[in-house]
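Because only heavy atoms are used, hydrogens play no part in the values below, and waters and symmetry mates are left out as well, while side chains stay in. Residue numbers begin at 1 in each chain, while the letters A, B, ... track the order of the sequences.
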2 protein chains.
Amino acid sequence: MEQVDIFKALSNKTRLQILEWLKDPETSFPEQKANGYANGVCVGQIQAKAGLTQSTVSDYLSVLQRAGFVTSTRMGQWTYYKRNEEAFEHLSTLIKSAL
Amino acid sequence: MEQVDIFKALSNKTRLQILEWLKDPETSFPEQKANGYANGVCVGQIQAKAGLTQSTVSDYLSVLQRAGFVTSTRMGQWTYYKRNEEAFEHLSTLIKSAL
DNA sequence: AAGTTATATCGGTTTTTCCCGATATATAGA
DNA sequence: TCTATATATCGGGAAAAACCGATATAACTT
């Protein structure tokens, strides 16, 4: 994954929003409270909140994952996505040093 | 300037490269040594190094300027661009806090 | 096995970005 | 003023991204 692709992943309002939502899943996705948030939030919840089609949101989550900003866990029929805080730390450092 | 536009400005290989070049103008633009680097580097030098047309490079520099990553100074027929380090600091902080 | 639900992938249309050539503007010098 | 040089802006063709619907895959339920 090249540097420019990291920034491309962040060059979309919806994707930025998803990352912000995942920062505080308890608040952003209360519907999932029963299942907990240990592995993140499932695609359906994110899709509903984003107001885009299922295919688009699935696509966006792949983009974010390829860039390292989220990780996914398959549990039964659901795929849960959660933030990978290391990626943000890393990017923050990179901007200071390499950029 | 919205957050997403900051990242769009960084979503291009040439623009990223220009920012890196401007980090160390003495090394990247030795041709300009006679004139000094106090105000940055003029468009022509950047264009020659980028290997793109004058209009494209001028455009790219505008994009970087609108996003705050560079500032420009007009001196005679030349426009000099240099990095605005504050913008990078700011972005680095933003990624840790807001993103 | 058949039906249901959740997600991923595929093909295509629309929108945006990339990058160009042509032209306009600004400054300097003869 | 006329000419040359440096940069900015404008209009457009080509490439990439956004986003969709349709369909495929995977796992659960009965």
Fill in the blank from the handout: By salt bridge (Lys or Arg N to Asp or Glu O under 4.0 Å), B:K23 pairs with (sequence neighbours left out) none
Exercise for the section: Using ring-ring contact (aromatic ring centres under 6.0 Å, His included) as the criterion, list what pairs up with A:Y81, not counting sequence neighbours. Expected result: none
Completion exercise
With sequence neighbours left out, the residues meeting side chain to side chain contact (heavy atoms under 4.5 Å, CB included) with A:Q47 are A:Q54, A:V57
Handout entry: A:T53: partners by side chain to side chain contact (heavy atoms under 4.5 Å, CB included), with sequence neighbours left out
Key = A:S55, A:T56
Problem - Neighbours of DNA chain C within residues 8-17 of chain B, by heavy-atom distance under 4.0 Å - result: B:K8, B:S11, B:N12, B:R15
Fill in the blank from the handout: Nearest-nucleotide check on DNA chain D, A:R74 vs B:R74; residue mapping nearer the 5' end is B:R74
Exercise for the section: Using heavy atoms and a sub-4.0 Å distance, could you list which residues of residues 44-61 of chain A are near DNA chain C? By number, please. Expected result: A:G44, A:Q54, A:S55, A:S58
Problem - All side chain to side chain contact (heavy atoms under 4.5 Å, CB included) counterparts of A:K82, not counting sequence neighbours - result: A:T71
Fill in the blank from the handout: Between CD of B:E31 and P of D:dA6 the distance, given in whole Å, is 14 Å
Practice task
Could you note down all residue pairs passing salt bridge (Lys or Arg N to Asp or Glu O under 4.0 Å) where residues 50-75 of chain A supplies at least one of them, sequence neighbours left out?
Solution key: none
Handout entry: Pairs meeting criterion salt bridge (Lys or Arg N to Asp or Glu O under 4.0 Å) with involvement of residues 9-20 of chain A, two or more places apart
Key = A:K13-B:E2
Completion exercise
side chain to side chain contact (heavy atoms under 4.5 Å, CB included) filter on B:T14, not counting sequence neighbours, yields B:N12, B:I18, B:A50, B:L52, B:Y60
Problem - First and last nucleotide of DNA chain C, 5' to 3', lying under 4.0 Å from heavy atoms of chain A - result: C:dT5 to C:dT9
Handout entry: Aromatic ring pairing B:F88/B:F69, orientation class (parallel under 30°, perpendicular over 60°, tilted between)
Key = tilted
Exercise for the section: Could you tell me whether A:Y81 contacts a base, only the sugar-phosphate backbone, or nothing, with contacts defined as non-hydrogen atoms closer than 4.0 Å? Expected result: sugar-phosphate
Fill in the blank from the handout: Those residues at least two apart in sequence (or on a different chain) that pass salt bridge (Lys or Arg N to Asp or Glu O under 4.0 Å) with B:E85 are B:R83
